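Shown next, in structure tokens, is the structure this report addresses.
Convention: sequence-line order gives letters A, B, ...; per-chain numbering from 1. All figures in this text were calculated on a predicted structure; none of them were measured in a lab.
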Number of protein chains: 4
Amino acid sequence: VNDVQAIIGNDRFAQAVGIELLEAGDGRARARLRIEARHLNGLDMVHGAAIYSLADLAFAAAANSQGATAVAISVNISYIKAVRGGVLYAEGEPVAVSRRIGTYAIRVTDEAGELVATFQGMAYRRPVDAEGV
Amino acid sequence: VNDVQAIIGNDRFAQAVGIELLEAGDGRARARLRIEARHLNGLDMVHGAAIYSLADLAFAAAANSQGATAVAISVNISYIKAVRGGVLYAEGEPVAVSRRIGTYAIRVTDEAGELVATFQGMAYRRPVDAEGV
Amino acid sequence: VNDVQAIIGNDRFAQAVGIELLEAGDGRARARLRIEARHLNGLDMVHGAAIYSLADLAFAAAANSQGATAVAISVNISYIKAVRGGVLYAEGEPVAVSRRIGTYAIRVTDEAGELVATFQGMAYRRPVDAEGV
Amino acid sequence: VNDVQAIIGNDRFAQAVGIELLEAGDGRARARLRIEARHLNGLDMVHGAAIYSLADLAFAAAANSQGATAVAISVNISYIKAVRGGVLYAEGEPVAVSRRIGTYAIRVTDEAGELVATFQGMAYRRPVDAEGV
């Protein structure tokens, strides 16, 4: 129905930010971001939007690995722990997936495995035979 | 208490993404992003994380313009309309601000003034005399 | 396509809680809750779930007044100001409505017009000719 | 610092709705709601606000079991599966707790253990020695 590798492979924003997709399939995905100076905010912490971008890639890869093209409609992110560098990981898994709506939970952790942020995303699923949202 | 210009001026992620702060003060802020190919996702739409990044700058600028250092703790974003190019604007305003917690609403619109996304962010405010979160 | 009065008129939970629908139509609605002791929490404040219930009725009435049966899929609520009694009002209006997804913003205010909570709800719209979610 | 049993025992809204606290301690809690006609909405499904109220009690009990008085500031709820009756359970656990902010995840399930809703709540924690929000 769609090819998650093609969609993510063509994701120019994720590439520009430096996010790498490690794996994706069956509603799950894992991504990585090696923190550099360009990922910091004005308080020298990793930028909330960089953390969001990392989680969002895991969300997009997870949501597009289940037989439909998925487009984000709503996301909640909670910032748990401030980080200043190192490598961050995002892991996504399905919470619930119906014909039209898929909900995914993504956890962002640091190298020590400590929780940095939680992200829950809801996507609209567009089957091949369907009209737009 | 803090200097919003200094905090935003040192925001390396926003600079790397290409987001410009247009104005900030009294809990309000306006930012702009001229869409380029590097802001697109794998479906050739403006990336949800690029839209988030734009809104987040308006949030950070608004929240840091009211006498305390503000750090995001929770954000909800709803994606309303897909866009493929042009210039996007984010405008932030306070919903409610108490001593420790500030909530701000940010609207992202396109050049025609049509709503692209709504973003509500909650920040923890750290007065000068206070300990951390 | 549906009758908002019939749906809300049959809403036994809202009735049990004591919520009154004041008006509904064209994606907008207004509801009221006169606070009694049974609406308080263990700290003698109006219960967050009572405030949610009030906002939710305005959401349901607004979302079901636009030509489709609407079912809530996701809600964010922010509690702005604690209240201990009096009368609360909820006013809902559309943020964006597409064929399948409707997003509504609801403001809860007290008798003085001060903001008590903000609520944003996303509903799945089921047109007459469509299958389930 | 506070007594979760006292706070929940005095929760008149939860009592009026018929929600029972099964256990609470160390940031965790479990609550139950036996569905009756008064918990239904106008479409004969369990009302979203009744589900919210159940989850909210588990949230309040979890958040008030960790050495501070906790007041909800922001909640996100996603409705996963419609239910028409039976018994619902809510289980809450901490996502992250700092001095001032506690985040808790609550899962609502039916008798078969199937997920009905996910709820994430953020509470402001008021230590004994502190001023208000």
- Message: Check whether C:Arg12 reaches the backbone of D:Asn41 with its side chain - one donor and one acceptor, N or O, closer than 3.5 Å.
- Response: yes
- What part of D:Val46 is in contact with chain C, defined as an atom under 4.5 angstrom from a non-hydrogen atom: side chain, backbone, both or neither? neither
- Message: Using heavy-atom distances under 4.5 Å, tell me whether C:Ile77 contacts chain D through its side chain, its backbone, both, or neither.
- Response: both
- Message: As an exercise, state the distance from CD1 of D:Ile73 to OG of C:Ser78, rounded to the nearest 0.5 Å.
- Response: 8.5 Å
- Item | Interchain contact, D:Met45 with chain C, by part (heavy-atom threshold 4.5 Å) | side chain
- Task: Can you measure from CD1 (C:Ile7) to CG (D:Leu43) and round to the nearest 0.5 angstrom?
- Result: 4.5 Å
- Partner chain D: residue of C:Ala6, C:Ala50, C:Ser53 with the largest heavy-atom pair count (under 4.5 Å): C:Ala50
- Task: Just give me the residue among C:Ala72, C:Ala16, C:Gly48 that pairs up with chain D most often, heavy atom to heavy atom, under 4.5 Å.
- Result: C:Ala72
- Name the option with the most non-hydrogen atom pairs under 4.5 Å to chain C; the candidates are D:Ser74, D:Gly42, D:Ala55, D:Ala60. D:Gly42
- Task: Please work out whether the ring planes of C:His39 and D:Phe13 are parallel, tilted or perpendicular, with thresholds of 30° and 60°.
- Result: tilted
- Among the options D:Asp56, D:Leu40, D:Leu54, D:Ile80, pick out the one with the most heavy-atom pairs lying under 4.5 Å from chain C. D:Leu40
- Query: Can you tell me how far CD of C:Gln120 sits from CG of D:Asn76, rounded to the nearest 0.5 angstrom?
  - Reply: 11.0 Å
- Neighbour count above 12 (heavy atom, 6.0 Å) for D:Arg32 CZ: yes
